[in-house]
Each structure stands twice: as structure tokens, then as C-alpha cells.
Amino acid sequence: MYDRLVAERGDIPTEVRTEAEKVLRNLEQVIRGTASTVGESAPAPLFSRTLG
């Protein structure tokens, strides 16, 4: 049943995971950029693991 849904609709969980990882990377870049513009050191990564 799942295989049929994937064939009809695509692999939505994988697509969502990929987009979430992109958002996390972009957010970390924004936060680092904001910290460096105010003279602070860049924060540690928000998440040390990947989604999945």
C-alpha cells in the first residue's frame, strides 16, 4: 500500500525531511550572520544531528 502511495504521490516524508534540513541550514547561517554583525562569536550549531 505504501509503495502505491509513493508511486502516486511521491515520497512525501523524504521531501519534507530534505526541506527541513535546508531550513535548518539556512537558519543557522542567519543566526551566525546576525551574531557576527553585532560583534559576538558565532553560536554553536543548533542541531548536531541530521533529521531522519
What pairs with Arg4 under salt bridge (charged side-chain N to carboxylate O under 4.0 Å, His left out), at least two apart in sequence or on another chain? Glu8
Using salt bridge (charged side-chain N to carboxylate O under 4.0 Å, His left out) as the criterion, list what pairs up with Glu15, not counting sequence neighbours. none
Under the side chain to side chain donor-acceptor pair (under 3.5 Å) rule, collect the residues that match up with Thr14, sequence neighbours excluded. Asp11
Apart from Tyr2 itself, which Ile, Leu, Val, Met, Phe, Trp or Tyr residues share its cluster (side-chain heavy atoms under 4.5 Å, direct or through members)? Val6
Can you name the side chain to side chain donor-acceptor pair (under 3.5 Å) partners of Glu19, sequence neighbours left out? Lys22
